[in-house]
Engineer: 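Have a look at the structure that comes next, please.
Computed from a prediction, not measured in an experiment: that's the story for all the values here. In what follows, every heavy atom counts, from backbone to side chain, and hydrogens, waters and symmetry copies are set aside. Lettering of chains follows the sequences in order, A, B, ..., and the numbering in each one begins at 1.
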4 protein chains.
Amino acid sequence: MFELDLRSRLPIYEQLIEKMKELIIGEVLKPNEQLPSVRTLAQQITINPNTIQKAYRELERQGYIYTVKGKGNFVAPILESMQQEKLEKLKEELLKIVSEAMYLGMKKEDILQIISSVENMLGGGNLK
Amino acid sequence: MFELDLRSRLPIYEQLIEKMKELIIGEVLKPNEQLPSVRTLAQQITINPNTIQKAYRELERQGYIYTVKGKGNFVAPILESMQQEKLEKLKEELLKIVSEAMYLGMKKEDILQIISSVENMLGGGNLK
Amino acid sequence: MFELDLRSRLPIYEQLIEKMKELIIGEVLKPNEQLPSVRTLAQQITINPNTIQKAYRELERQGYIYTVKGKGNFVAPILESMQQEKLEKLKEELLKIVSEAMYLGMKKEDILQIISSVENMLGGGNLK
Amino acid sequence: MFELDLRSRLPIYEQLIEKMKELIIGEVLKPNEQLPSVRTLAQQITINPNTIQKAYRELERQGYIYTVKGKGNFVAPILESMQQEKLEKLKEELLKIVSEAMYLGMKKEDILQIISSVENMLGGGNLK
DNA sequence: GTGGTCTAGACCACC
DNA sequence: GTGGTCTAGACCACG
């Protein structure tokens, strides 16, 4: 389930964060679903629990999961408060990347295709 | 010309590489144009010459520049593969950001609007 | 009546203690009034009875409530020392926040305005 | 310089954060001044370097210090961007604490006194 | 059982 | 030299 590249330049806790985000955004992990415990996951992917911890704490800070001490970590439902703020940031990022991409010759159609593929992923027909 | 962020998590030699690549692909630096020498550039942006060296060596390895001993470093002619490589990276980034944005509720229209604004911006004086 | 935050970093028994203290010092709970039994309260706020127990025991130790075996738990008469203790804590907090705010450029007037607005708010129907 | 209470309930990395904030806010540590290195500080106060790291990273996240890899950690100058955001939060906190304090009988004069003491600390006459 | 903190010691990239 | 990451193993508080 979690394929990590131990040799990668990206620290493995960041790889973990990315993977988890994908699972949450792709709604493979549903809101309020419990995540594997720090220890269990550590054993499963044979990695130190501290490393999982680091990833989980960052995900919590970013609002993707929430922690109940003594219980576990859970997928956060989308909060409106964080939503607006975050969307603004994403819009800025989008603007930057889109302009760079189009400057280098990417066509409007290429971007539309990306949007479509995302719609399929998120839409009724969950790929899972 | 080269705005570097010393505080960034990216090593500055990598920031240099990225900047140079963009200037080369965007043809701000024309093929066979001579690059500033390691020493002068180091002085200009007050950075350790070793760091510049490292960036130049890596750019040469990747085929973006070539070195003539005793003369200096020069911009290599652009290969399509370079643009392609860059565009692939941008596509991946786009996919990530778009899916995150749409998960948080951004509408297709919002993205289309961003595209339009970029089109307008580039529409007038595209250098290419 | 008791709004607890299960996700908070503060253990919930401490949250309970703080809430109770405020209710007692603010005289929402009057001296010698009977508190809800451990079980009923546990049911009401759907929390482990052990947790309630722990809070009650600590409140007793600190002199805020007293226990009559076979009868239940009761609000102790307020001692000045309790108010004093609480006020000291608040003063420390105030000092920290005020110094941080003024370091970041908040003006004395801004704080005075906050005080005024609080005075207005309390002015009308102070329970005490 | 750093008196830590190893027995305290507050984790020592949080104690460190508080101390550092005080030093920065009190301008004992001036903007762009270099902080002791992770290792040095660790030796000085005989604490594990990882613990210092944790404190430094959090301070960076909160905008109090910035890190230059390979160089060290430095006191951040006040950024306007973070300022506005943070001040809003502080105002809310202030409102909450002030209203609680005044409800419990704290006088306007007590608060004014706190403000004065802060003014002295920050003003021309640095206590150091 | 859960997460949170801490230590000791190691290796890496960067400058 | 600096910070950044990771491991192994320990102890604690919480529910």
Engineer: Would you mind reading off the distance between Arg7(C) atom CZ and dG3(E) atom P, rounded to a whole angstrom?
Structural biologist: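 That distance rounds to 16 Å.
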Engineer: Tell me the interatomic distance from Lys54(A), atom NZ, to dG4(E), atom P, rounded to whole angstroms.
Structural biologist: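 Interatomic distance, NZ of Lys54(A) to P of dG4(E): 15 Å.
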Engineer: Given atom CD of Glu58(D) and atom C1' of dG3(F), what is their separation to the nearest angstrom?
Structural biologist: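 That distance rounds to 17 Å.
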Engineer: Are OP1 or OP2 of dT2(E) and a side-chain N or O of Ser37(A) less than 4.0 angstrom apart?
Structural biologist: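 Result: yes.
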Engineer: Searching all strands shown, indicate the nucleotide that pairs with dC14(F) (Watson-Crick or G-U wobble; both distances under 3.5 Å).
Structural biologist: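 Its partner is dG1(E).
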Engineer: With a non-hydrogen cut-off below 4.0 angstrom, is Arg57(D) in contact with a base, only sugar-phosphate, or nothing?
Structural biologist: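 Touches sugar-phosphate only.
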Engineer: Side chains of Tyr66(A) and Pro77(A): closer than 4.5 Å at any heavy-atom pair?
Structural biologist: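 Tyr66(A) vs Pro77(A): side chains touch.
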Engineer: For the side chain of Gln34(D) and the backbone of Lys71(D), is there at least one donor-acceptor N/O pair under 3.5 Å apart?
Structural biologist: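 At least one qualifying donor-acceptor pair exists.
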Engineer: Taking atom P of dG3(E) as reference, at what distance in whole Å does atom CG of Leu41(A) sit?
Structural biologist: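 In whole Å, dG3(E) P lies 10 Å from Leu41(A) CG.
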Engineer: Classify the side chain of Arg9(C) and the base of dG4(E) as holding, or not holding, a donor-acceptor pair under 3.5 Å.
Structural biologist: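 By the distance-only test, no, there is no pair.
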Engineer: Rounded to whole Å, how long is the line connecting atom CG of Asp5(D) with atom C1' of dC6(E)?
Structural biologist: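 Rounded to the whole Å, the gap is 15 Å.
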Engineer: To the nearest Å, how far apart are Ile52(D) CD1 and dC6(E) P?
Structural biologist: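 The answer, rounded to whole Å, is 10 Å.
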Engineer: For a side-chain contact (heavy atoms from CB on, under 4.5 Å) with Met20(A), tell me which candidate from Leu35(A), Ile65(A), Val75(A) qualifies.
Structural biologist: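 Result: among Leu35(A), Ile65(A), Val75(A), Leu35(A) is the only option passing the side-chain contact (heavy atoms from CB on, under 4.5 Å) with Met20(A).
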Engineer: Closest nucleotide of DNA chain E for Tyr13(D) versus for Glu14(B): which of these residues is on the 5' side?
Structural biologist: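 Comparing both residues, the 5'-ward one is Tyr13(D).
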Engineer: Between the base of dG9(E) and the side chain of Asn50(D), is there any donor-acceptor pair under 3.5 Å?
Structural biologist: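 Donor-acceptor pair under 3.5 Å: yes.
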Engineer: Has Ser99(B) got a side-chain atom pairing as donor or acceptor with Lys96(B)'s backbone, closer than 3.5 angstrom?
Structural biologist: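 Yes; at least one donor-acceptor contact below 3.5 Å.
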Engineer: CG of Leu10(B) versus P of dC14(E): gap in Å, rounded?
Structural biologist: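 Going from CG in Leu10(B) over to P in dC14(E) covers 10 Å.
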Engineer: Please indicate whether Glu14(A) has more than 12 foreign heavy atoms, meaning atoms of other residues, nucleotides or ligands, lying under 6.0 Å from its CD.
Structural biologist: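 For Glu14(A), atom CD is crowded (more than 12 foreign heavy atoms under 6.0 Å).
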Engineer: Nearest to the side chain of Lys69(D) - dT7(E), dC6(F), dG4(F)?
Structural biologist: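 The answer is dG4(F).
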Engineer: Grab the CD-P distance between Glu60(D) and dT2(F) for me, whole Å please.
Structural biologist: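 In whole Å, dT2(F) P and Glu60(D) CD are 17 Å from each other.
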Engineer: Does Ile47(C) reach a base, just sugar-phosphate, or nothing at all? Heavy atoms under 4.0 Å.
Structural biologist: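 It contacts nothing in the nucleic acid.
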Engineer: Do any side-chain nitrogens or oxygens of Gln53(D) fall under 4.0 Å of OP1 or OP2 in dG4(F)?
Structural biologist: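 Answer yes for this pair, as a side-chain N or O of Gln53(D) is under 4.0 Å from OP1 or OP2.
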Engineer: Could you check Thr67(D) against Asn48(A) and say which one's nearest nucleotide on DNA chain F is further toward the 5' end?
Structural biologist: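 The residue mapped nearer the 5' terminus is Thr67(D).
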Engineer: Would you please confirm or rule out a distance under 4.0 Å between OP1 or OP2 of dT2(F) and any side-chain N or O of Asn73(D)?
Structural biologist: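 Negative; the distance criterion is not met.
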Engineer: Can you tell me if Thr51(A) touches the phosphate of dT7(F), counting only side-chain N or O atoms and a distance under 4.0 Å to OP1 or OP2?
Structural biologist: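 The answer is yes; a side-chain N or O of Thr51(A) sits under 4.0 Å from OP1 or OP2.
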Engineer: Tell me which of Thr46(A) and Gln34(D) sits closer to the 5' end of DNA chain F, going by the nucleotide each one is nearest to.
Structural biologist: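 That would be Gln34(D).
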Engineer: Using only modelled atom types and a 3.5 angstrom limit, is any donor from either the side chain of Arg39(A) or the base of dG3(E) paired with an acceptor on the other?
Structural biologist: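 Checked by distance alone, the answer is yes.
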Engineer: Please check this pair: side chain of Gln83(D) against backbone of Ile78(D), looking for a donor-acceptor N/O pair closer than 3.5 Å.
Structural biologist: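 Flag not set: sc Gln83(D) to bb Ile78(D) has no pair under 3.5 Å.
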